[in-house]
A.B. asks: 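One structure, pasted below without further comment.
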Amino acid sequence: MTASEPFVPPPYPYDRLDELKQVAAAAPGGIVDLSIGTPCDPPPDFVVEALARSGAERGYPASIGSPAYREAAAGWLARRLGVTVDPSAVAACVGTKELVAGIPQWLRLRNPSRDTVLYPAISYPTYAMGATLAGCRAVPFRHLDDIDPADAERALCLWVNVPSNPTGDLDDLGAAAAWGRERGIPVLSDECYVEFTWDGPPRTILEHGTEGVIALHSLSKRSNLAGARAGFYAGDADLVHYLSEVRKHAGFMVPGPVQAAGVAAWNDDAHVDEQRERYRRRLELMIEALAGIGVDVGLPQGAFYLWAPAPDGDAWALTRLLAAKGGALVSPGEFYGPDGAGHVRVAAVQPDDRIALVAERLGAARS
Ligand SMILES: Cc1ncc(COP(=O)(O)O)c(C=O)c1O
């Protein structure tokens with residue numbers, strides 16, 4: 001796209017699965033949808049109670065988040081991730097996707113001489129889309145060392161995502177923070193799966209200091225609140241202040257009742273520990289089911305996706321096979337960038353009995 005061409009939104013990746021959705025739905029017992037990383041388990045009752053009884057419906061909520069919301073978020077950062085961030089350097093977002101999609105345009109307003117967003121070559125598609133929506137260049141990188149200095153000179157920001165969607169990998173956040181600081185480029189660290197880290201302790205870029213970095217966190221996955229839309233960003237005080245001021249003008253607000261529910265959710269860890277066990281078990285069941293058809297994939301370092309190599313490298317063929325024989329819908333890896341074309345992403349977001357059904361169907365198709 002050049003500046004003079006009108007923007008035509010590309011097809012939404014998951015809409016491209018509509019045909020295979022029908023195929024999977026035809027399986028006896030129905031479709032097992034493992035394509036989108038949407039939670040299937042309920043949020044805790046006390047969180048829903050807080051949502052219902054906040055009394056916060058009437059007035060406008062603070063765009064930056066209520067003091068209680070920001071304190072709860074800062075308390076969670078200290079308790080779960082061992083980092084101290086003053087609540088004044090924490091701000092609410094309406095789930096993190098809108099922030100991921102919006103940040104490039106706001107950074108560009110602040111630094112109009114720059115026009116490039118750097119993001120991991122295999123990643124959540126919204127990093128690149130945020131660049132496009134800001135009229136910027138979206139430039140993927142495989143390793144920090146491979147980034148062309150000419151692209152770095154034009155960069156508004158660099159994205160990292162640990163644990164990664166879709167690969168589960170835990171990249172070196174200290175190296176990313178140092179890379180950004182050396183060049184004066186903000187590093188934005190999307191950490192929405194942090195409590196589903198399987199390989200060692202959870203990690204945040206904020207362990208490496210807050211200067212020049214922002215961490216993004218979400219209640220969608222940890223507390224099964226994707227439908228409520230609540231997250232926060234925290235880190236470099238100047239950057240958080242700038243973004244929260246712009247966002248106040250634009251009217252981004254987490255609804256008051258949702259903020260109240262968010263306080264209850266950020267203040268509790270027991271429900272997340274239970275959720276961890278569920279995802280861990282589902283991942284293991286799915287690993288076994290895939291092994292049965294010769295697809296060899298191990299437990300990821302983090303998150304709740306299996307990044308499975310397709311036999312012969314044909315991800316669409318594996319996607320079709322899983323739909324036709326297993327009644328399961330998964331995502332071909334090209335949704336996460338051209339480098340992902342040889343893999344499929346399997347989201348372990350269905351109950352055990354549904355995953356067992358997929359294994360059973362695949363087993364029956366083999367015999
Ligand atoms: C890597 C990553 N970042 C951000 C999001 C957005 O989550 P939410 O907007 O619900 O906070 C997702 C959702 O799947 C994701 O996988």
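If you're wondering where the values come from, they're calculated on a predicted model, not measured in any experiment. Counting begins at 1 with the first residue of the sequence.
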A.B. asks: Between Leu285 and Tyr279, is there shared hydrophobic-cluster membership here, with clusters defined by ILVMFWY side-chain heavy atoms closer than 4.5 Å?
C.D. replies: yes

A.B. asks: Check whether Arg203 reaches the backbone of Leu173 with its side chain - one donor and one acceptor, N or O, closer than 3.5 Å.
C.D. replies: no

A.B. asks: Carefully, step by step, assess Arg282 and Asp41 under the rule salt bridge (Lys or Arg N to Asp or Glu O under 4.0 Å).
C.D. replies: CA-CA 13 Å; Arg282 291 170 188 162; Asp41 306 294; 2.9 Å; yes

A.B. asks: Honestly curious: do Leu299 and Leu290 fall in one hydrophobic cluster under the side-chain, below-4.5 Å linking rule?
C.D. replies: yes

A.B. asks: Quick one, His343 and Pro309 - any side-chain contact, counting heavy atoms below 4.5 Å?
C.D. replies: yes

A.B. asks: Between the side chain of Ser244 and the main-chain N/O of His241, is any donor-acceptor distance below 3.5 Å?
C.D. replies: yes

A.B. asks: Identify the residue among Asp314, Leu20, Leu17, Leu318 that makes a side-chain contact (heavy atoms from CB on, under 4.5 Å) with Pro332.
C.D. replies: Leu17

A.B. asks: Go through the steps for Arg320 and Glu19 under the test salt bridge (Lys or Arg N to Asp or Glu O under 4.0 Å), then give the verdict.
C.D. replies: CA-CA 10 Å; Arg320 274 193 295 274; Glu19 210 181 302; over 6 Å; no

A.B. asks: Arg114 side chain to Glu153 main-chain N or O, any donor-acceptor pair under 3.5 Å?
C.D. replies: yes

A.B. asks: Using side-chain heavy atoms (C-beta onward) and a distance below 4.5 Å, is Pro166 in contact with Tyr336?
C.D. replies: yes

A.B. asks: Where the side chain of Thr319 meets the backbone of Val330, is there a donor-acceptor pair that is under 3.5 Å apart?
C.D. replies: no

A.B. asks: Are there more than 12 heavy atoms of other residues, nucleotides or ligands under 6.0 Å from atom CG of Asp312?
C.D. replies: no

A.B. asks: Taking all non-hydrogen atoms of both residues into account, name the closest pair between Cys157 and Ile185 and its distance.
C.D. replies: CA-CG2, 3.7 Å

A.B. asks: Are Met129 and Ile103 connected in a single hydrophobic cluster, I mean Ile/Leu/Val/Met/Phe/Trp/Tyr linked by side-chain heavy atoms less than 4.5 Å apart?
C.D. replies: no

A.B. asks: Show the nearest heavy-atom pair for residues Pro186 and Leu239, with the distance to one decimal.
C.D. replies: CB-CD2, 3.8 Å

A.B. asks: Could you check whether any side-chain N or O of Glu191 sits under 3.5 Å from a backbone N or O of Val162, counting only pairs where one atom can act as donor and the other as acceptor?
C.D. replies: no

A.B. asks: Is the Phe252-Trp106 ring centre distance short of 6.0 angstrom?
C.D. replies: yes

A.B. asks: Do the side chains of Arg280 and Glu277 get close enough for a salt bridge, i.e. N-O under 4.0 angstrom?
C.D. replies: no

A.B. asks: Would a hydrophobic clustering, with Ile, Leu, Val, Met, Phe, Trp and Tyr connected at side-chain separations under 4.5 Å, put Val139 with Leu158?
C.D. replies: yes

A.B. asks: Check whether Arg154 reaches the backbone of Ala150 with its side chain - one donor and one acceptor, N or O, closer than 3.5 Å.
C.D. replies: no

A.B. asks: Any idea which heavy atoms bring Asp190 and Asn161 closest together, and the distance?
C.D. replies: O-ND2, 2.9 Å

A.B. asks: More than 12 foreign heavy atoms under 6.0 Å from CZ of Arg110: is that the case here?
C.D. replies: yes

A.B. asks: Within a 6.0 Å radius of atom CG on Asp146, are there more than 12 heavy atoms belonging to other residues, nucleotides or ligands?
C.D. replies: yes

A.B. asks: Return the OH to OG distance between Tyr233 and Ser189, rounded to the nearest 0.5 Å.
C.D. replies: 16.0 Å

A.B. asks: Check for me whether the distance between the ring centres of Tyr127 and Tyr119 falls short of 6.0 Å.
C.D. replies: no

A.B. asks: Does NZ or CZ of Arg70 fall inside the cone over Phe232's six-membered ring, less than 6.0 Å from its centre and within 45° of the axis?
C.D. replies: no

A.B. asks: Quick one: does Glu195's side chain get under 4.5 Å of Trp76's, heavy atoms only?
C.D. replies: yes

A.B. asks: Under 4.0 Å between a Lys/Arg side-chain N and an Asp/Glu carboxylate O for Arg247 and Glu98?
C.D. replies: yes

A.B. asks: Are the charged groups of Asp33 and Arg354 less than 4.0 angstrom apart, N to O?
C.D. replies: no

A.B. asks: Let's go through Asp171 and Val160 carefully: what are the C-alpha distance in whole Å and the side-chain angles of both, what is the deciding distance for side-chain contact (heavy atoms from CB on, under 4.5 Å) to 0.1 Å, and is it a yes or a no?
C.D. replies: CA-CA 8 Å; Asp171 291 341; Val160 284; 5.7 Å; no

A.B. asks: Report all side-chain donor-acceptor pairs from residues 260-274 shorter than 3.5 Å, counting only partners two or more places apart or in another chain.
C.D. replies:
from	atom 1	to	atom 2	distance (Å)
Trp266	NE1	Tyr69	OH	3.2
Asn267	ND2	Val263	O	3.2
Asp268	OD2	Ala270	N	3.3
Asp268	OD2	His271	N	3.2
Asp268	OD2	His271	ND1	2.6
Asp269	OD1	Arg79	NH2	2.8
Asp269	OD1	Arg222	NH2	3.4
Asp269	OD2	Arg79	NE	2.7
Asp269	OD2	Arg79	NH2	3.4
His271	NE2	Ser223	OG	2.8
Asp273	OD1	Arg80	NH2	2.9

A.B. asks: Measure from the side-chain N and O atoms of Arg142 to the backbone N and O of Ile147, and report whether any donor-acceptor pair falls under 3.5 Å.
C.D. replies: no

A.B. asks: Between Phe304 and Lys221, which heavy-atom pair has the shortest distance, and what is it?
C.D. replies: CZ-CD, 3.7 Å

A.B. asks: Going only through I, L, V, M, F, W and Y residues with side-chain contacts under 4.5 Å, is there a path from Val349 to Leu329?
C.D. replies: no

A.B. asks: So, for Ala215 and Thr204, which heavy atoms are closest and what is the spacing to 0.1 Å?
C.D. replies: CB-OG1, 4.1 Å

A.B. asks: Closest heavy-atom contact between Ala74 and Val85?
C.D. replies: CB-O, 3.5 Å

A.B. asks: Does atom CD of Glu57 have more than 12 heavy-atom neighbours, drawn from other residues, nucleotides or ligands, at distances under 6.0 Å?
C.D. replies: yes

A.B. asks: I'd like to know if the side chain of Asp172 reaches the main chain of Ala175, judged simply by a donor and an acceptor atom lying under 3.5 Å from each other, with no hydrogens or angles considered.
C.D. replies: yes

A.B. asks: Checking Arg361 now: which residues fulfil side-chain hydrogen bond (donor to acceptor under 3.5 Å, both in side chains) with it, not counting sequence neighbours?
C.D. replies: none

